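All of these numbers come straight from a predicted model, not from anything done at the bench.
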Amino acid sequence: MGMFVTEMSSDSFQLLGMAERGMLPEFLAQRSRYGTPLVGILFSASGVILLSWLSFQEIVAAENFLYCFGMLMEFVAFVKLRRKFPYASRPYKVPVGKTGAILMCALPALLIFVVLALASFKVFIISFSAVIIGLVLRSCLKYMEQKRWLRFSVNPDLPDIYAT
C-alpha cells in the first residue's frame, strides 16, 4: 500500500519536473499555493480512476510492473550516459567505469525480469498498453511542439543538465 501511494505521488512530481524541463507542455508545471503539482495530481488521480475496474491487487501489480520497467529504463540511461558523457559534472559519482556500470546493473535487471515474468497476463497487457500509449503520446507531443499547438518551456531557475 505504501509503495502504491508513493508511486502515485511521485508520478505527479515526475510530470511537474518533465514540464519544467520542457519535455511536457507548460500547463503541467502549474503548482498549487502549497507547491504541490496540481495538474500532475489530477492526471495521477485520473489514472487511478481509469483503473478502478481492476482489483486493488491488480492495480498494485500493474504499478509495480511499470515501476520495474521504469527501473530498467533508468539502468539503461545510467549506462548510456556513463558511456556518452563519462566526464560530465554530476552531484555524485559512482566509482565504476563503463564495464562496472553494466555489471552493477546486471543483477538488479535480472531480478526485475523475474518480477516482470511473474506478472499475470492481464497485468502484462495493461502495462504493455500503458507503455505503448506513452510512446505514441511522446510522438504526438513532439508533433504538437513543432506545430506550436502547445507551449513548452524550460524553467530558467533550473541548472543546465546539458552543460559539461
Side-chain angles (χ1 to χ4, degrees), residues 3-54 58-94 98 101-102 105 109 112 116 119 122-164:
M3 187 172 175
F4 174 72
V5 172
T6 302
E7 177 65 28
M8 293 310 297
S9 63
S10 68
D11 288 345
S12 58
F13 277 99
Q14 182 71 33
L15 291 173
L16 173 85
M18 291 174 72
E20 288 180 342
R21 289 275 177 205
M23 297 177 211
L24 288 176
E26 191 176 73
F27 74 89
L28 288 166
Q30 294 178 12
R31 292 178 182 255
S32 72
R33 64 181 174 172
Y34 304 107
T36 56
L38 184 63
V39 180
I41 290 171
L42 294 174
F43 268 81
S44 293
S46 299
V48 172
I49 290 170
L50 288 173
L51 296 176
S52 64
W53 59 277
L54 297 171
E58 289 171 325
I59 293 172
V60 171
E63 283 288 331
N64 286 337
F65 188 99
L66 291 170
Y67 180 79
C68 287
F69 188 77
M71 287 301 300
L72 289 174
M73 290 174 52
E74 287 180 32
F75 292 156
V76 169
F78 171 70
V79 172
K80 184 177 178 180
L81 289 172
R82 178 56 61 104
R83 295 179 75 190
K84 191 171 181 177
F85 303 108
Y87 303 109
S89 175
R90 296 178 173 90
Y92 57 88
K93 177 113 170 114
V94 179
K98 296 172 191 172
I102 293 169
C105 295
I112 288 173
L116 296 179
K122 185 177 185 180
V123 167
F124 176 79
I125 292 299
I126 291 167
S127 300
F128 185 73
S129 298
V131 170
I132 296 301
I133 289 169
L135 293 172
V136 169
L137 279 175
R138 182 177 185 272
S139 299
C140 291
L141 286 171
K142 284 290 181 192
Y143 182 76
M144 289 181 198
E145 182 179 21
Q146 289 172 349
K147 293 289 185 179
R148 298 182 192 267
W149 293 346
L150 290 173
R151 185 175 169 161
F152 291 76
S153 63
V154 177
N155 184 338
D157 297 330
L158 297 173
D160 183 10
I161 59 175
Y162 301 108
T164 54

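Distance CZ/Arg82 to NZ/Lys93: 4.5 Å, rounded to 0.5 Å. Rounded to the nearest 0.5 Å, atoms CD (Glu58) and CZ (Phe65) are 14.0 Å apart. Here the CG-CG distance, from Leu116 to Leu66, works out to 9.5 Å after rounding to the nearest 0.5 Å. Rounded to the nearest 0.5 Å, atoms OG (Ser12) and CD1 (Ile41) are 5.0 Å apart. Ile102 contributes atom CD1, which lies 13.5 Å from atom CZ of Phe75 (distance to the nearest 0.5 angstrom). Rounding to the nearest 0.5 angstrom, the gap separating the CZ atom in Phe152 from the CG atom in Leu28 is 9.0 Å.
The nearest pair of heavy atoms linking Phe13 to Gly35 is CE2-O, 4.3 Å. Residue Asn155 comes nearest to Asp157 through the heavy atom pair OD1-N, 2.9 Å, listed as atom of the first residue, atom of the second, then distance. Here the closest non-hydrogen pair linking Cys105 and Val79 is SG-CG2, 4.3 Å. The two atoms that bring Leu16 and Gln30 nearest to each other are CD1-O, 4.2 Å, heavy atoms only. Nearest heavy atoms, Ala101 versus Phe78: CB-CE2, 3.4 Å.
By the side-chain hydrogen bond (donor to acceptor under 3.5 Å, both in side chains) test, Glu20 is found to be paired with Arg31, residues two or more places apart in sequence or in another chain being considered.
Atom NZ of Lys122 sits in a crowded spot, with more than 12 heavy atoms from other residues, nucleotides or ligands closer than 6.0 Å. In the displayed structure, Phe69 atom CZ is contacted under 6.0 Å by at most 12 heavy atoms of other residues, nucleotides or ligands.
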Please output the side-chain donor-acceptor pairs of residues 123-135 that fall under 3.5 Å, not counting sequence neighbours, one pair per line with the distance.
from   : atom 1 : to     : atom 2 : distance (Å)
Ser127 : OG     : Val123 : O      : 2.9
Ser129 : OG     : Ile125 : O      : 2.7

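Within the 4.5 Å cutoff, side-chain heavy atoms of Lys142 are placed close to those of Glu145. Between Tyr67 and Met71 there is a side-chain heavy-atom pair separated by less than 4.5 Å. Contact of the Asp11 side chain with the Glu63 side chain is registered, since non-hydrogen atoms from C-beta on lie closer than 4.5 Å. Within the 4.5 Å cutoff, no side-chain heavy atoms of Leu15 are placed close to those of Pro37.
Within the 3.5 Å criterion, the main-chain N or O of Ile49 finds a donor-acceptor partner in the side chain of Ser52.
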